[in-house]
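Heavy atoms only: backbone and side chains are in, while hydrogens, waters and symmetry mates are out.
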Amino acid sequence: MASLATHFSAFVLLSPVGLRRLLCSSSLYLKNPSLFRAKTWYFSDPKWKNIDLYSLLIALPIASFSEIFIFLAFSGHPTYRFAFFQQSATIFFFWLLLLLIILRENLDYPMHIDQAFIFVLAAVTFFVEYSVIGKGISGLGGAMYDMLGVLTLACAFSCLYLSFRPRSFFAEFFLSSGLVFKGTWMLQLGLSLYTDTFGLKGCKKMAVWPKESENAEFKCDLEEDGLRGVALMTLLFIGHAMGIMMSSFVMFGWLGRSLNWRCGEASGPLLQELESEQRLVLVRGASEEIEVE
């Protein structure tokens with residue numbers, strides 16, 4: 001929230017994670033739709049291919065500490081100041097969620113953590129994030145952050161649906177695309193709200209105006225400039241959505257022609273779980289054939 005660098009960092013972390021998740025889930029679905037099952041994380045071998053996970057494990061604590069540092073050092077209005085603490089707590093929750101996912105990958109039965117439980121925790125964490133989005137921001141800036149809140153809610157409900165319907169590829173698709181969308185939209189907000197070069201015409205970049213408001217505010221010289229800015233950002237939001245959707249379809253078509261491409265195949269406890277499910281499907285199929293005969 002504090003600067004262009006913050007938003008760019010969110011873009012660098014979120015969009016690659018969502019893109020890789022979309023690639024892995026789509027490739028697994030195309031190989032065998034009847035056996036598709038969403039995963040909390042699509043691990044790959046060798047381990048260096050999971051660089052997005054390791055990057056998050058390092059970056060999220062740093063980001064959380066940075067928000068706490070700003071909270072302690074900032075001397076502005078308490079409402080705007082406390083928003084940094086809330087964001088720090090949210091980032092820390094996401095970091096704990098990643099640790100739990102790694103534990104699930106490496107723990108054996110009977111200490112195995114249920115996947116549905118992790119999806120529910122992910123949904124709760126997204127709901128917590130939604131509750132703090134736009135805190136400390138008022139005016140036109142708050143309306144633009146509301147669009148980011150919509151994407152966060154989409155991710156939360158997708159996780160909640162996957163907790164009891166893990167075979168739903170559409171929920172997985174919305175979750176993956178939502179993460180990519182959140183990343184690109186964070187970059188757009190950083191450019192439009194926190195810079196003069198890419199800012200909206202007739203509007204000043206986001207700033208705290210102590211004598212006028214207790215929050216940070218994105219101010220425009222004229223009311224017409226503000227209305228034009230909101231309309232432009234709405235069009236950009238739609239453009240981002242269309243671009244991500246079209247890119248997803250192109251990627252889906254490419255994967256359909258390259259079925260040998262592998263990503264996110266199960267290993268360890270996840271592999272045992274998948275193999276047991278496959279055996280169960282085969283047994284059911286054989287029993288149905290016997291009944292027909």
Identify whether the distance between the nearest side-chain nitrogen and carboxylate oxygen of Arg228 and Glu223 falls below 4.0 Å.
no
Return the CG to CD1 distance between Leu148 and Ile133, rounded to the nearest 0.5 Å.
4.0 Å
Kindly determine whether Ser26 and Phe169 satisfy side-chain contact (heavy atoms from CB on, under 4.5 Å), including the steps that lead there.
CA-CA 8 Å; Ser26 299; Phe169 175 73; 3.7 Å; yes
For Arg165, all residues meeting salt bridge (charged side-chain N to carboxylate O under 4.0 Å, His left out), sequence neighbours excluded
none
Measure the spacing between NZ of Lys201 and CD of Glu224 and express it to the nearest 0.5 Å.
12.5 Å
Are Val132 and Phe93 linked, directly or through intermediate hydrophobic residues, by side-chain heavy-atom contacts shorter than 4.5 Å (ILVMFWY only)?
no
Heavy-atom closest pair (Leu193 atom, Met144 atom, distance to 0.1 Å) is CD2-SD, 3.3 Å
Please report the closest heavy-atom contact between Ala116 and Ser163, naming both atoms and the distance.
CB-O, 3.0 Å
Tell me, with the steps shown, if Thr184 and Ser15 meet side-chain contact (heavy atoms from CB on, under 4.5 Å).
CA-CA 7 Å; Thr184 60; Ser15 290; 3.9 Å; yes
I'd like to know if Glu172 pairs up with Lys39 as an ion pair, taking the criterion as any Lys NZ or Arg NE/NH1/NH2 lying under 4.0 Å from an Asp or Glu carboxylate oxygen.
no
Nearest non-hydrogen partners of Pro166 and Phe36, listed with the distance
O-CE2, 4.2 Å
Check Ile137 against Gly141 and note the closest heavy-atom contact, atom names and distance.
CG2-C, 3.6 Å
Restricting to non-hydrogen atoms, name the atom on Leu22 and the atom on Ser248 that form the minimum distance, rounded to 0.1 Å.
CD2-OG, 3.5 Å
Can you find a heavy atom in the side chain of Leu57 that is under 4.5 Å from one in the side chain of Leu99?
yes
If the condition is ring pair (Phe, Tyr, Trp, His ring centres under 6.0 Å), which residues does Phe237 pass it with, not counting sequence neighbours?
Phe181, Trp185
Step by step, work out the side-chain contact (heavy atoms from CB on, under 4.5 Å) result for Met233 and Gln188.
CA-CA 9 Å; Met233 292 300 290; Gln188 184 66 62; 4.3 Å; yes
Same cluster for Leu96 and Trp41 if Ile/Leu/Val/Met/Phe/Trp/Tyr side chains link at under 4.5 Å?
yes
Measure the shortest side-chain to side-chain distance between Arg104 and Asp114 over non-hydrogen atoms and say whether it is less than 4.5 angstrom.
no
Tell me, do Leu53 and Phe43 make a side-chain contact under 4.5 Å, heavy atoms counted?
yes
Within this structure, what is the CG-CZ distance for the pair Leu4 and Phe11, rounded to the nearest 0.5 Å?
11.5 Å
side-chain contact (heavy atoms from CB on, under 4.5 Å) with Leu162: which of Val120, Leu175, Thr40, Ile118?
Leu175
Any chance the rings of Phe94 and Phe126 have centres within less than 6.0 Å?
yes
Looking at CG of Leu227 and CG of Leu232, how far apart are the two atoms once the value is rounded to the nearest 0.5 Å?
12.5 Å
Could you give the distance from CZ (Arg37) to CD (Gln115), rounded to the nearest 0.5 Å?
5.0 Å
Do Cys155 and Leu179 come close enough that some side-chain heavy atom pair is under 4.5 Å?
yes
Within-4.5 Å side-chain heavy-atom neighbours: Tyr42 and Leu28
yes
Under 3.5 Å, side chain of Ser88 to main-chain N/O of Ser64, donor-acceptor pair present?
yes
Same cluster for Tyr54 and Val17 if Ile/Leu/Val/Met/Phe/Trp/Tyr side chains link at under 4.5 Å?
yes
Let me see the working for Arg20 and Asn50 under side-chain contact (heavy atoms from CB on, under 4.5 Å), right down to the final yes or no.
CA-CA 10 Å; Arg20 182 176 182 273; Asn50 302 310; 3.2 Å; yes
Does any donor atom in the side chain of Lys182 or Thr152 lie under 3.5 Å from an acceptor atom in the other side chain?
yes
Looking at every heavy atom in both Ser192 and Phe218, which two are closest together, and how far apart are they?
O-CE1, 3.8 Å
Are the side chain of Ser25 and the backbone N or O of Arg21 linked by a donor-acceptor pair below 3.5 Å?
yes
Is there a path of hydrophobic side-chain contacts, each under 4.5 Å between heavy atoms, that joins Val150 and Val128?
no
Mark yes when over 12 heavy atoms from residues, nucleotides or ligands other than Phe252 sit less than 6.0 Å from its CZ; otherwise mark no.
yes
In terms of hydrophobic clusters joined by side-chain contacts under 4.5 Å, are Leu160 and Leu97 together?
no
Identified ring-ring contact (aromatic ring centres under 6.0 Å, His included) partner of Phe157 from the options Phe127, Tyr130, Phe174
Phe127
Rounded to the nearest 0.5 Å, what separation is found between the CG atom of Leu187 and the NE2 atom of His240?
7.5 Å
Leu100 vs Phe117 side-chain heavy atoms within contact, under 4.5 Å
yes
Any side-chain heavy atom of Phe173 within less than 4.5 Å of one from Ser177?
yes
Validation row: Lys219, Asp225 side chains within 4.5 angstrom (heavy atoms):
no
